[in-house]
Novice: 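Take this structure first; my questions come after.
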Amino acid sequence: MKLRRAPEDFLDHHQIAEVQAGRRDFLRRAFLAAAATVTSTQAGAQSPGDPAILNLPEHSKALGQPVVALGYGAPSQFEKNLQRRESPGLTRVGAASVSFSPLQGLFGIVTPNGLHFERHHQGWWDIDPHQHRLMMMGLVRQAKVYTMDDLMRLPAVSRMHFIECGANTGMEWGNVAVPTVQYTHGMLSCCEFTGVRLATLLEDCGYDRAKGKFVLAEGADGSSLSRTIAMERALDDVMVAWAMNGEMLRPENGYPLRLVAPGVQGVSWVKWLRRLEVGDAAWASKDETLHYVDLMPDGMLRQYTSIQECKSVITTPSGGQTLLDKGFYNVTGLAWSGRGRVKRVDVSVDGGRNWRTARLENPVLPKCLTRFNVDWTWDGGPAILQSRAIDETGYVQPKINQLRAVRGTRSIYHNNAIQSWKVAEGGDVTNVQVY
Ligand code: MTE
């Protein structure tokens, strides 16, 4: 296996902007120069007199560093360029922006907490958990205010789920807009969340079973982001969570408390959760009438969309990467469905004419990312790589033109189309759309 990394792993922000502006020659030079320092062992495998094999390095002879007795562990210095990144010019201010997860550099299905994507409407806060409160009110027998200590005494559950912003891949409705999988699909992450089931809290307050049909969740940030959840879903698998991947939530992801709404678009995963209200009708809040609505071809806006439909993407090889020579490659990617488990992923290397079934790696969990792999021997010629996921309901991930026929080209949200990566003869991989 040769180069597997995307340019953002090596380039700084300014350089990425140049890549996005289409300066492919620059990309290749910068990419190869950076790669030469990182992949020296790969080059060494082909040269018999390699000093990296012949000379015993210092780290095999001398005493290493002492234990990291105090402090939070950090990745290797050689991995420091694998970062969340903002797409230049996407929003006017950083407090209302997005940072994308570097999917091209992740393995398995878990997103490390420091690489989880971020989407804020009015900036993030590091809220003192001792001061934080959750209020339960509305159609309940007894309105309650919980401290974090109160919540963490309740029966806890831990579950693995993906979170995907409804706007993920939103820039690609009309045409190819961004070069790499970090920007096409990086508003996607997957964690093990720990918290209390919303059903437990609703029972605890004695919600009105006859009239209580909806729950409103509201955040404690300046945007007062609020979203309606139908009672049926609230009682099913929604959680009020305080932990991700074994530690307390990160501030930018809602510390100390967030809603986890499995399968539902990210905006409903209210961060810095401060209020839950039981009601008999949907609230029609600004975040469900003005924002996060689907623009249909006839100009109508579709409201209250919620589930993230089945989707997949090849993360390696993907846009911005370069295959240095022909031969064997492991094609790998992620698949997910807001309706349950992924049943099958097919991969094509000829733009969708022929398909092969990929291997799904365990675990395959409902409403969770699933990792797939498939063997591929590149003959050095042009190729178009695609993946197509099918979930347990039988839903098949659509082609971009099938989606456009129903949704038009001016939408933002819920683009779950099949992604195409073109491999050119020279090995450069680029983002293309195949109709
Ligand atoms: N909750 C509050 N209170 N404020 C916000 O701005 N952003 C929402 C949602 N919850 C938001 C929020 C959106 S649009 C998304 S996609 C997810 O949080 C992103 O969660 P993350 O930042 O943990 O990835």
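The first residue in the sequence is number 1, and the count goes up from there. As the structure lists them, so they are numbered: ligands from 1, and atoms in each ligand from 1.
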Novice: Using a 4.0 Å heavy-atom cut-off, say whether I163 meets ligand 1 through its side chain, its backbone, both or neither.
Specialist: side chain
Novice: Which residue supplies the protein heavy atom nearest to atom 1 (N) of ligand 1, what is that atom called, and how far is it?
Specialist: K271 N, 2.9 Å
Novice: If you measure from the Lys or Arg side-chain nitrogens to the Asp or Glu carboxylate oxygens, is any gap between E218 and R227 under 4.0 Å?
Specialist: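 Result for this pair is no, no salt bridge flagged.
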Novice: Specify the protein heavy atom at minimum distance from atom 6 (O) of ligand 1: its residue, its atom name, and the distance to 0.1 Å.
Specialist: H121 N, 2.7 Å
Novice: When you check the side-chain N and O atoms of Q397 and S312, is any donor under 3.5 Å from an acceptor?
Specialist: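 Yes, because at least one side-chain N or O of Q397 sits under 3.5 Å from a partner of the opposite role on S312.
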Novice: Kindly say whether T332 contributes a backbone atom to a donor-acceptor pair with the side chain of R371 at under 3.5 angstrom?
Specialist: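 No: the side chain of R371 does not pair with the backbone of T332.
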Novice: Going by an N to O cut-off under 4.0 Å, is there a salt bridge joining K144 and D204?
Specialist: yes
Novice: So do L403 and W173 actually touch side chain to side chain, heavy atoms under 4.5 Å?
Specialist: yes
Novice: For ligand 1, indicate whether the residue V267 contacts it via side chain, backbone, both or neither (heavy-atom separation under 4.0 Å).
Specialist: both
Novice: Among protein heavy atoms, which sits nearest to atom 14 (S) of ligand 1, and what does the distance come to when rounded to 0.1 Å?
Specialist: Y292 OH, 2.9 Å
Novice: Please work out, at 4.0 Å between heavy atoms, whether the side chain, the backbone, both, or neither of M187 comes within that distance of ligand 1.
Specialist: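 No part of M187 is near ligand 1 at this cut-off.
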Novice: Give me the residue, atom name and distance of the protein heavy atom closest to atom 17 (C) of ligand 1.
Specialist: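 Closest protein heavy atom to atom 17 (C) of ligand 1: G266 O, 3.4 Å.
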Novice: At less than 4.0 angstrom from any non-hydrogen atom of H120, what atoms of ligand 1 do you find?
Specialist: 6 (O)
Novice: Answer side chain, backbone, both or neither: which part of L225 comes under 4.0 Å from ligand 1, heavy atoms only.
Specialist: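 Only the side chain of L225 comes within reach of ligand 1.
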Novice: Using a strict threshold of under 4.0 Å (side-chain N to carboxylate O), is an ion pair present between D346 and R388?
Specialist: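 Here R388 pairs with D346 in a salt bridge, since their nearest N and O are under 4.0 Å apart.
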Novice: Just to confirm my output: which protein heavy-atom neighbour is closest to atom 3 (N) of ligand 1, and how far is it?
Specialist: D221 OD1, 2.8 Å
Novice: Got a second to check how far S348's OG is from Q386's CD, nearest 0.5 Å?
Specialist: 5.0 Å
Novice: Against heavy atoms of C165, which atoms of ligand 1 measure under 4.0 Å?
Specialist: 16 (S)
Novice: Give me the residue, atom name and distance of the protein heavy atom closest to atom 7 (N) of ligand 1.
Specialist: R119 O, 3.2 Å
Novice: Among all the protein's non-hydrogen atoms, which is closest to atom 18 (O) of ligand 1, and how far away is it?
Specialist: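 In this structure, atom 18 (O) of ligand 1 has R258 NH2, 3.4 Å as its nearest protein heavy atom.
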Novice: Test W269 against every option in F193, F117, F162 by the ring pair (Phe, Tyr, Trp, His ring centres under 6.0 Å) rule and name the one that passes.
Specialist: F193
Novice: Can you label the angle between the W376 ring and the Y329 ring as parallel, tilted or perpendicular, going by 30° and 60°?
Specialist: tilted
Novice: Heavy atom under 4.0 Å from ligand 1: found in F117's side chain, backbone, both, or neither?
Specialist: both
Novice: Atom 10 (N) of ligand 1: which protein heavy atom is closest, and how many Å away?
Specialist: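 Looking only at protein heavy atoms, the one closest to atom 10 (N) of ligand 1 is W269 O, 3.1 Å.
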